[in-house]
Amino acid sequence: MPARRLVAPRFPVKSLDSQPNLDHDVGMPRSPLVNFWNTLPVGFTVLAPMEDVTDTVFRRLIGLWGAPDVFMSEFINSTELVHSKRRFAKQHAYLDSKELADLQRPLVAQIWGNEPEDYRQAIPRLLEAGFVGIDINMGCPAVKVVRRGSCAGLIDHPAQAGELIQAAQEACAVAPVSVKTRLGVKEKKTHEWAGFLLSRNLAALTIHGRIAAQMSEGEADWDEIASVVRLRDELGSTTRIIGNGDLRSREDLARRQKQSGVDGLMVGRGIFYDPLLFRTDGRRFEELPPAEKVKMMTLHLREQQRVWEGHKGYDLVKSFYKIYTRGWEGGEELRDRLYQTRSYTEATEILEQWLL
Ligand SMILES: Cc1cc2nc3c(=O)[nH]c(=O)nc-3n(C[C@H](O)[C@H](O)[C@H](O)COP(=O)(O)O)c2cc1C
């Protein structure tokens, strides 16, 4: 049978081929000279920064299928971006022209690194590229990184953290600077640490309700997140507080907002269970027929190939197959076949056959 050319799935409201209205009036700042965080209503949503997940391809797809109020990049090493020929930082900072054309929500670059001077050089480039805010990663728990006093390691080095924030604020001028962090490194020191951060005039502060030693294990502590909201209010700070940890459904978002009083809710792994989580019309991914899910996967594969072929290995896209094949009869079998593929072409052929 001749291979049929795949078309963009019918389900997404906007296919990747039909460009959405760029004048869409939903909080996309017209210029970076705006603290967009202050314009968002309580209960706003953020797609968490996730390395090897929230790249330019994935963000665009989520934007088309049901956008959060704010997007964040994968974490970008500022030192590498400025000084190194290695490709990772540049790839993490990469904005595909189609993403920029479709973008209807503020897009924040998340950076990490311990050299204030590198922040001063990296940030203007990121703002120039199209990001409208800078988030500083003070939460990555990787042992090597923490030992060097980077990311979550900064929790135990507030003076260094303060210097980095100041460098970012100077480099951003009026574009907003935010921080994403945890409750502590080996033990919780929520108030001491959050109190320090809240004295730094940040536009937003994301609290992932775990300590670094937990990695992603155990439940996120939303009572601690609630205590940061209270502290913010006691201090009279205007920093928007965003809660993060274990949000998997719209019900979770509503429940945790009510429980904690946070301004915003950040979803990480929950997007793997429902890529439509941010839709406002109530549609859920699990309700879609398998064919729609497979078409979405096909689109993902096609876009991954368009943007990254020759730059990133094919295998990276395999980690996404589970999203689309979970929870329906025959899905697992399809996934197993896809896991054995070694190229975009092989995988595309399997999907084309499946869709016939
Ligand atoms: C695959 C993966 C990559 C991640 N990469 C980053 C990152 O680049 N920057 C960051 O601040 N957090 C990163 N995180 C942590 C998430 O942003 C989030 O804080 C964490 O997953 C907890 O939220 P969740 O329970 O909603 O997943 C990553 C998490 C995952 C699962």
Side-chain angles (χ1 to χ4, degrees), residues 45-59 62 68 70-78 80-81 88-89 91-94 107-113 126 131 133-142 144-146 150-155 161 164 168 177-185 197 202 204-222 224-225 228 241-253 255-257 260 262 264-275 277-278 312 315-323:
T45 54
V46 187
L47 179 61
M50 288 188 279
E51 190 185 23
D52 289 335
V53 178
T54 54
D55 68 351
T56 189
V57 170
F58 191 73
R59 291 190 306 256
I62 296 301
V70 181
F71 283 104
M72 286 203 186
S73 70
E74 305 165 85
F75 66 171
I76 301 162
N77 185 297
S78 50
E80 195 182 307
L81 188 73
F88 298 110
Q91 288 184 347
H92 290 179
Y94 182 69
L107 171 56
V108 173
Q110 192 193 57
I111 58 172
W112 69 285
L126 294 165
F131 293 100
I134 297 294
D135 188 75
I136 307 176
N137 182 318
M138 300 193 183
C140 174
K144 257 192 189 165
V145 169
V146 173
S150 289
C151 296
L154 286 164
I155 298 173
L164 294 169
V177 174
S178 54
V179 163
K180 176 170 180 280
T181 191
R182 293 186 176 232
L183 305 173
V185 179
L197 292 172
L202 293 167
L205 173 61
T206 301
I207 305 288
H208 175 187
R210 293 184 174 90
I211 57 170
Q214 278 180 280
M215 301 284 172
S216 302
E217 304 299 318
E219 266 184 42
D221 187 339
W222 278 83
E224 285 291 300
I225 295 173
V228 175
I241 306 293
I242 302 164
N244 169 236
D246 304 335
L247 301 171
R248 286 219 177 161
S249 64
R250 290 185 199 113
E251 290 74 18
D252 284 347
L253 297 182
R255 183 169 59 92
R256 292 306 197 185
Q257 197 289 319
S260 65
V262 289
L265 300 132
M266 178 183 278
V267 175
R269 291 161 299 172
I271 203 70
F272 304 148
Y273 294 89
D274 187 354
L277 187 69
F278 298 116
K312 285 185 185 178
D315 274 0
L316 263 184
V317 78
K318 287 184 175 178
S319 60
F320 294 97
Y321 291 155
K322 197 168 184 183
I323 298 179

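Order of appearance sets the numbers: ligands from 1, and atoms from 1 within every ligand. Note that these values count all heavy atoms, side chains included, but never hydrogens, waters or copies made by symmetry. Because the structure is predicted, anything quoted here is derived from the model rather than measured.
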Revision key, fill the gap. The option among R269, Q110, M50 carrying the non-hydrogen atom nearest to atom 9 (N) of ligand 1 is Q110
Check your understanding: Out of M138, M72, K180, E51, whose heavy atom is nearest to atom 16 (C) of ligand 1?
Key -> K180
Exercise for review: Report yes or no: is the cationic atom of R248 (NZ for Lys, CZ for Arg) under 6.0 Å from the centre of the six-membered ring of Y273, at an angle within 45° of the ring normal?
Suggested key: yes
Exercise for review: For N137, take its heavy atoms, then give the atoms of ligand 1 lying under 4.0 Å from any of them.
Suggested key: 9 (N), 10 (C), 11 (O)
Practice item. Any atoms of ligand 1 less than 4.0 Å from a non-hydrogen atom of D246? List them with their elements. Key: 24 (P), 25 (O), 26 (O)
Exercise for review: Go through the steps for V46 and T206 under the test side chain to side chain contact (heavy atoms under 4.5 Å, CB included), then give the verdict.
Suggested key: CA-CA 10 Å; V46 187; T206 301; over 6 Å; no
Exercise for review: Can you establish whether the number of heavy atoms outside E219 located under 6.0 Å from its atom CD is more than 12?
Suggested key: no
Check your understanding: Below 4.0 Å from any atom of ligand 1, is there a heavy atom belonging to G139?
Key -> no
Looking at ligand 1, does any of its N/O atoms fall within less than 3.5 Å of an N/O of [X]?
X	result
E74	no
G268	yes
A48	no
P49	yes

I want to check something: taking the side chain as every heavy atom from C-beta on, are [X] and [Y] in contact at a cut-off of under 4.5 Å?
X	Y	value
D52	E74	yes
F278	I62	yes
I271	M50	yes

Check your understanding: Among L107, V108, I111, which one satisfies side chain to side chain contact (heavy atoms under 4.5 Å, CB included) with F131?
Key -> L107
Check your understanding: Under a 4.0 Å heavy-atom limit, does N244 contact ligand 1 with its side chain, its backbone, both, or neither?
Key -> side chain
**Study point:** Closest approach of any protein heavy atom to atom 20 (C) of ligand 1, naming residue and atom
**Key:** H208 CE1, 3.8 Å
**Study point:** Backbone of Q110 reached by a side-chain donor or acceptor of S73 within 3.5 Å
**Key:** yes
